[in-house]
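Shown next, in structure tokens, is the structure this report addresses.
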Amino acid sequence: MTAVDTTPRESPATALPGLARALILAGKLGQKSAEDIYRKAQSARTSFIAELTGSGAVSASDLAHTMSSAYAAPLVDMTAIDPQRLPKGLLDAKICHDYRVVVLSKRNNRLIVATADPSDSQAAEKIKFATQLGVDWVIAEYDKLLQLVTANATTASETMDNIIGEDFEFDEASAEALTESTDTSSSEVEDAPVVKFLHKMLLDAFSMRASDLHFEPYEHNYRVRFRIDGELREIASPPIAIKEKLASRIKVISRMDISEKRVPQDGKMKLKIGPDRVIDFRVSTLPTLFGEKIVIRILDPNSAKLGIEALGYEPEEKERLLLAIGRPYGMVLVTGPTGSGKTVSLYTCLNILNKPGVNIATAEDPCEINLPGVNQVNVNEKAGLTFAVALKSFLRQDPDIIMVGEIRDLETADIAIKAAQTGHLVLSTLHTNDAPTTLTRMRNMGIAPFNIASSVILITAQRLARRLCPSCRAPIEIPRKALLDAGYQDDEFQTPWVNYRAVGCSMCNNGYKGRVGIYQVMPISEEIQRIILRDGSALEIGEQAKREGVRSLRQAGLHKAKLGLTSLEEVLAVTNE
């Protein structure tokens, strides 16, 4: 007896894409015609919509009107769109090309995207995953949409050619390394896409004001993320096969060992953008389960030359800081987590102090910003050049001002304090939550209270909050109780102010554009010195600082929100009370 296969088979109708089914339901296309076009598209390896409009079964205009009615989506004329005014960097060009879509604008946390096929759920999911934003479709005629997609792709290609030309090149040392790697590679042509991709990512990161690039390999995919205004955002998903070549290319340019993949490595490189603009990049590799994760930090030397006004200090905070760095000796500490802008603050101070009659020496791991006129030393622990060794050497070279990248251990702290006590101005950083806890942290490191009291003259704690976009920020009513819970005082309500919320537009990133500093600037007064000498707690020091008019980080952030520079939501996220 012959067995009968009772497994239900999918009919051609159910196999058809959503676009075809919508046209059949609207009476614009017959069932058999749809199946024939679908089979032709599969055999020709083209999309259903391309075969549909190419065959003339349904015109592009008729298709657009049908889709607009079927999906209740607005219809847009793509010939009225100026390609130059379209938002840049919101969605990777490859996704736009692959799925035939164009991003028109951004509203709040959603993208307005033009498509000819709103039934393409795969495109919607891909865009959502790549941008972490919702998608609102608008309908465009397929032929006009295709022209704009192609024009954008051509522009991107021309831009890439310009990037690889004279105006975008590695410095001499990096170019030498690049040449060596090209000679040893098996195929220069095969590596060309990797070179182009890396160049494009670096230029995109710079133009989008990113602070870091993250190249992350996983088991089945590879992603590139940029940190923009403090938030990581996925930019591209290149093929996973690129990971080895891309890692090798970055390591060669950064003067790392390309054969060593088992341990982390650090390096740096320079890129020339234009005739008189050079950008430094700090590179770090980390072995993970599925390859090397690479993080590239952008170090713009111009950031140290912005001036203290650009950092966001309030007038009284600025006055306290300038008074402290103007003293002939003592220690000034800048504290905060990684990425809070400590280095830029220190170098801004050094830039103010950098005069022909002053001898300045810095020890860092590594030097992030090159400042002419300052003697900068890269710490190299493998070679025995530690912070402590560098500091001892500095003291033999008649310095006026010493900058220590970070106080990590008792030996470094001890030498730095002795330098501050013997006629030198010492600037350094520590990783603590706020200014009062810095003093107890130093005590826990083993430094005697009288050494702390006699050397530290000022501590600045800082955070970076996202700055509201001035083009789209909107007023918001916040209940009085919520404002009081956040930390505002009753007497502050005597003078009303306007609270703003993030909205989002084509000019910004989810309603924010750039960042603003939040600072707690605490001079060490005689009363605080007495608390230190009797080994008082951070709570006592904080209470005394408050009596002396020093704002906490939360209060400083709330003041920025009152000025309309950032939102209350952002202040609550980056500060603690």
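Model, not experiment: these values are computed from the prediction. Each residue takes its place number in the sequence, starting with 1. These values consider heavy atoms only, across backbone and side chains, with no hydrogens, waters or symmetry-generated copies.
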[X] vs [Y] side-chain heavy atoms within contact, under 4.5 Å:
X	Y	answer
Leu350	Leu371	yes
Leu289	Tyr218	no
Asn433	Asn576	no
Arg223	Ile235	no
Thr432	Ile459	no
Phe215	Leu198	yes
Leu385	Val377	yes
Thr429	Leu346	yes

Would you call [X]-[Y] a salt bridge at under 4.0 Å N-O?
X	Y	answer
Arg547	Glu527	no
Glu234	Arg225	no
Arg501	Glu570	no
Arg480	Asp490	yes

Selection residues 363-397 - residue pairs positive for ring-ring contact (aromatic ring centres under 6.0 Å, His included), sequence neighbours left out: none
Applying ring-ring contact (aromatic ring centres under 6.0 Å, His included), which residue pairs with at least one partner in residues 512-536 are found, sequence neighbours left out? Tyr313-Tyr519
Has the side chain of [X] got a donor or acceptor atom that lies under 3.5 Å from a matching backbone atom of [Y]?
X	Y	answer
Thr566	Ala465	no
Asn354	Pro372	yes
Gln462	Ser340	yes
Ser393	Val389	no
Arg443	Ser537	no
Arg551	Gln520	no
Asp400	Asn359	yes
Gln555	Ser552	yes

Is there a side chain to side chain contact (heavy atoms under 4.5 Å, CB included) between Asn375 and Thr362? Walk through the geometry before answering. CA-CA 6 Å; Asn375 306 292; Thr362 74; over 6 Å; no
Side-chain donor-acceptor pair present, [X], [Y], cut-off under 3.5 Å:
X	Y	value
Ser567	Glu569	no
Glu406	Ser428	no
Thr348	Asn351	no
Gln265	Thr285	no
Glu540	Gln544	no

Residues at least two apart in sequence or cross-chain that pass ring-ring contact (aromatic ring centres under 6.0 Å, His included) with Tyr488, listed by chain then number, are Trp497
In a check of side-chain contact (heavy atoms from CB on, under 4.5 Å) between Phe226 and each of Leu213, Asp212, Ile296, Leu232, which one passes?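 The side-chain contact (heavy atoms from CB on, under 4.5 Å) with Phe226 is passed solely by Leu213 among Leu213, Asp212, Ile296, Leu232.
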Over all atoms of both residues, closest heavy-atom pair of [X] and [Y]:
X	Y	answer
His424	Ala419	ND1-O, 3.0 Å
Thr288	Pro217	OG1-CG, 4.1 Å
Cys349	Leu427	CB-CD1, 4.3 Å
Val283	Ser254	CG2-OG, 3.2 Å
Val404	Leu391	CG2-CD2, 3.6 Å
Ala435	Ala461	N-CB, 3.6 Å

Considering residues at least two apart in sequence or located in another chain, which fulfil the salt bridge (Lys or Arg N to Asp or Glu O under 4.0 Å) criterion with [X]?
X	result
Glu492	Lys562
Arg320	none
Lys546	none
Lys513	none

For [X], which residues count as a side-chain contact (heavy atoms from CB on, under 4.5 Å) partner, sequence neighbours excluded?
X	value
Ala453	Gln529, Ile532, Leu533
Leu563	Glu314, His559, Leu565
Ala482	Ile478, Pro479

How about Glu319: does its CD atom have over 12 heavy atoms from other parts shown lying under 6.0 Å from it?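 No, the 6.0 Å shell around CD holds no more than 12 heavy atoms from other groups.
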Counting neighbours of CZ on Arg441 that are heavy atoms of other residues, nucleotides or ligands and sit closer than 6.0 Å, is the number greater than 12?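 Atom CZ in Arg441 is not crowded, with 12 or fewer foreign heavy atoms closer than 6.0 Å.
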For Arg408 and Glu381: C-alpha separation, side-chain torsions, deciding distance, then whether salt bridge (charged side-chain N to carboxylate O under 4.0 Å, His left out) applies. CA-CA 13 Å; Arg408 297 177 180 173; Glu381 297 198 0; 3.7 Å; yes
Listed once per pair and sorted, the side chain to side chain donor-acceptor pair (under 3.5 Å) pairs that draw on residues 445-457, sequence neighbours left out: Gln421-Asn451, Gln421-Ser454
Going through the distances and angles, do Glu316 and Val550 end up as a side chain to side chain contact (heavy atoms under 4.5 Å, CB included)? CA-CA 10 Å; Glu316 65 272 21; Val550 175; over 6 Å; no
Mind listing the side-chain donor-acceptor pairs of residues 327-339 below 3.5 Å, one per line with the distance, residues two or more places apart or on another chain?
none

Straight-line distance of Ile258 CD1 to Arg249 CZ, nearest 0.5 Å: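 Ile258 CD1 to Arg249 CZ: 10.0 Å, rounded to 0.5 Å.
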Stepwise salt bridge (charged side-chain N to carboxylate O under 4.0 Å, His left out) test for Arg467 and Asp229: CA-CA 8 Å; Arg467 187 188 290 267; Asp229 296 336; over 6 Å; no
Applying the salt bridge (charged side-chain N to carboxylate O under 4.0 Å, His left out) test to Glu292, which of Lys251, Lys243, Lys261, Arg262 qualifies?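 So the option named by the test is Lys251.
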Evaluate side chain to side chain contact (heavy atoms under 4.5 Å, CB included) for Ile253 paired with Ile250, printing each intermediate quantity in order. CA-CA 5 Å; Ile253 297 165; Ile250 293 171; 6.0 Å; no
